[in-house]
Number of protein chains: 2
Amino acid sequence: MLKEERQQLILEHLKAAKKINLGDLSNMLKVSYDSVRRDVIELEDKGLLKKVHGGVVSNSYLNILAGQRKGVKKGGDLEIVISKALKFLKNNQIIILDGGTTNFFLAEQIPKSLTLTVITNSPPLAMALNEHENVEVILLGGRYYKRYQIAMGPEVSNQLKRFNADLYFMGVNGIDKTKGLTIRNYEESILKQQMMAAAKSTICCVVEEKIGVVEAYQICPIEKIDALITNLDPENYSLIGYDGVVMV
Amino acid sequence: MLKEERQQLILEHLKAAKKINLGDLSNMLKVSYDSVRRDVIELEDKGLLKKVHGGVVSNSYLNILAGQRKGVKKGGDLEIVISKALKFLKNNQIIILDGGTTNFFLAEQIPKSLTLTVITNSPPLAMALNEHENVEVILLGGRYYKRYQIAMGPEVSNQLKRFNADLYFMGVNGIDKTKGLTIRNYEESILKQQMMAAAKSTICCVVEEKIGVVEAYQICPIEKIDALITNLDPENYSLIGYDGVVMV
DNA sequence: AAAATAATTGCAAGCTTTTGCGAAATACTG
DNA sequence: CAGTATTTCGCAAAAGCTTGCAATTATTTT
């Protein structure tokens with residue numbers, strides 16, 4: 001069995017199971033514990049799952065590449081988040097949208113009648129707005145990171161310095177009471193800080209499963225953002241202790 | 001057995017089996033391991049499969065990107081133009097590709113093994129290079145023109161000033177002996193001039209039907225470009241009178 | 001048709017990746 | 001805090017891959 005094949009199987013299993021322990025995987029795939037372990041490490045490096053003590057959990061990192069366009073499931077967590085986020089949009093606003101699936105789907109769902117300027121470093125997101133006649137798009141250029149499908153680097157930062165947007169919708173990998181907003185890529189964490197600085201207020205959109213997750217690099221502590229949008233009711237117990245933020 | 005025949009068999013087998021290891025292929029096709037290996041490298045260059053340690057997998061297996069049709073018709077005019085254009089590419093070159101369909105398809109057909117830097121103002125083109133691991137992409141940012149799906153404006157021009165690329169592949173709407181290279185959009189005509197200035201040499205790729213066509217805005221006279229690639233034989237009568245250009 | 005050139009093939013030696021094992025370290029549980 | 005479960009690490013064997021070379025076959029040129 002090829003390594004790639006195995007990794008594919010692990011991912012498929014994870015879609016169904018949500019959490020699997022490595023021993024079971026090892027039996028199931030008929031390879032040693034170590035091989036599974038190494039596969040899982042590789043997959044984690046690619047951001048496709050998250051390793052925890054006792055097994056692996058799905059990371060719901062849908063690659064826009066993977067054909068899952070127009071992928072907001074009716075009534076799903078993501079749809080709830082997006083519908084809440086859309087309420088923040090007003091005519092003639094200038095908003096920054098960074099890369100990431102949530103923002104991509106948010107962009108797709110922007111009402112066609114709304115007049116907006118969208119600043120983004122994500123080519124797929126820019127293209128998702130092709131049919132939005134009233135949305136002007138400013139694309140930030142720089143070195144293009146294929147893996148994340150975004151532009152990053154000094155050029156992007158420089159261009160950002162000249163902007164004063166009304167809103168910034170930030171995507172993150174994890175959000176935690178004490179560790180704040182975190183992400184897996186260092187450069188991106190810096191970029192997101194700069195995007196915050198380029199906007200009057202910052203809104204963070206996350207689905208439930210990212211709550212309590214801590215990733216490698218902090219962007220900022222919780223209280224620096226102006227609003228946190230989740231699919232949960234603002235009174236939900238999972239959100240207790242996130243002080244200083246408007247919950248939506 | 002001919003090489004092409006063998007490669008066809010490999011692809012067919014892969015369609016059915018999703019994966020296969022090179023030793024088995026070697027037995028099946030009754031040629032040495034090395035020949036199979038070299039076939040597989042060629043196929044990988046064309047993006048038709050993915051080589052991994054232990055064998056090959058059909059690349060639709062790893063990525064659900066299968067639906068992404070390669071848009072060049074076999075034996076069509078465009079394919080001829082593109083195959084000629086690819087001969088100009090050498091390892092470690094820095095090339096500028098502007099928007100337009102010819103360049104988009106050219107980008108798709110760049111061999112996966114080629115190491116290049118591609119500078120572009122076209123988000124779709126940047127994304128078309130997602131699977132080209134050896135191609136670094138620099139995305140030019142600015143105002144995004146949805147209709148053409150390219151970035152244009154002063155930011156793009158400024159970024160261009162700092163580049164000294166080896167080659168610029170220019171797309172045009174029309175080419176004519178006396179009126180030169182022309183295009184429908186004024187701003188774009190200026191941008192293309194700037195791209196010419198940012199590259200050591202400029203190559204123009206056109207299919208037959210654009211020859212003799214004159215559009216609203218001239219980019220430059222014919223003799224300013226270094227090579228003209230068409231689907232026609234360089235000796236073809238349609239090309240008589242285009243002086244001062246290398247015909248390919 | 002002969003010579004020159006180019007493309008293809010197979011081989012062998014050397015190199016890299018992958019794998020499983022056992023010991024050691026670390027994280028959870030009651 | 002001890003005990004158990006889980007994870008990590010280093011290593012060496014095995015499997016697989018690459019590279020240069022020389023022989024062969026095909027193609028083009030003279």
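Here is how names work: the chains are called A, B, and so on, in the same order as the sequence lines, proteins then strands, and each is numbered from 1. Because the structure is a prediction, the values reported are computed rather than measured.
Considering every non-hydrogen atom in both A:H53 and A:K19, the closest pair reads O-NZ, 4.2 Å. The two atoms that bring A:A85 and A:L106 nearest to each other are CB-CD1, 3.9 Å, heavy atoms only. Here the closest heavy-atom approach between residue B:I225 and residue B:C204 is recorded as CD1-CB, 3.6 Å.
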Take A:D176 and A:T178 through the test side chain to side chain donor-acceptor pair (under 3.5 Å) and record every step on the way to the result.
-> CA-CA 6 Å; A:D176 182 86; A:T178 56; 3.0 Å; yes
Starting from the C-alpha separation in whole Å, work towards a yes-or-no answer on side-chain contact (heavy atoms from CB on, under 4.5 Å) for A:L11 and A:L43.
-> CA-CA 9 Å; A:L11 288 177; A:L43 291 170; 4.1 Å; yes
Please lay out, stage by stage, how A:T102 and A:V206 fare under the test side-chain contact (heavy atoms from CB on, under 4.5 Å).
-> CA-CA 8 Å; A:T102 310; A:V206 293; over 6 Å; no
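If you check every strand for non-hydrogen atoms under 4.0 Å, B:G55 touches sugar and phosphate atoms only. Looking at heavy-atom distances under 4.0 Å, B:V40 makes no contact with the nucleic acid at all.
Straight-line distance from the CG atom of A:L25 to the P atom of C:dG20: 14 Å, rounded to whole Å. Atom CG in B:L2 sits roughly 12 Å away from atom C1' in D:dT25 (whole-Å rounding). Put simply, CG on B:N21 is 13 Å from P on C:dT19, counting in whole angstrom units. Distance CG (B:L29) to C1' (C:dT8): 15 Å, rounded to an integer number of Å. Following rounding to the nearest Å, A:D39 (CG) and C:dT18 (P) show an atom-to-atom distance of 10 Å. In this structure, A:M1 atom CE and D:dG16 atom C1' are separated by 17 Å, rounded to whole Å. One can place CD of A:Q7 at 15 Å from P of C:dT17, the figure rounded to the nearest angstrom.
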Close N/O contacts between protein and nucleotides 24-30 of chain C (under 3.5 Å):
| unit_1 | atom_1 | unit_2 | atom_2 | d |
| --- | --- | --- | --- | --- |
| C:dA27 | O3' | A:H53 | ND1 | 3.4 |

Set out, line by line, the N/O atom pairs under 3.5 Å between protein and nucleotides 18-24 of chain D.
| unit_1 | atom_1 | unit_2 | atom_2 | d |
| --- | --- | --- | --- | --- |
| D:dT18 | OP1 | B:K51 | NZ | 3.4 |
| D:dT18 | OP2 | B:R37 | NH1 | 3.4 |
| D:dT18 | OP2 | B:K51 | NZ | 3.1 |
| D:dT19 | O4 | B:D34 | OD2 | 3.3 |

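Between C:dT9 and B:S32, no contact under 4.0 Å exists linking OP1 or OP2 to a side-chain N or O.
Atom CD of B:E133 has 12 or fewer heavy atoms from other residues, nucleotides or ligands within 6.0 Å.
Note that the two end axes of the helix from C:dA1-D:dT30 to C:dG30-D:dC1 enclose an angle of 40°, each drawn from 5 base pairs, rounded to 10 degrees.
Side-chain atoms of B:K84 come within 3.5 Å of backbone N or O of B:T230 as a donor-acceptor pair.
Between A:R143 and A:E155 there is no salt bridge, since none of the side-chain N atoms of the basic residue sits less than 4.0 Å from a carboxylate O of the acidic one.
To the nearest 0.5 Å, atoms CD (A:Q193) and CE (A:M196) are separated by 8.0 Å.
In summary, the side chains of A:Y145 and A:E187 do present a donor paired with an acceptor at a separation below 3.5 Å, with no hydrogens or angles considered.
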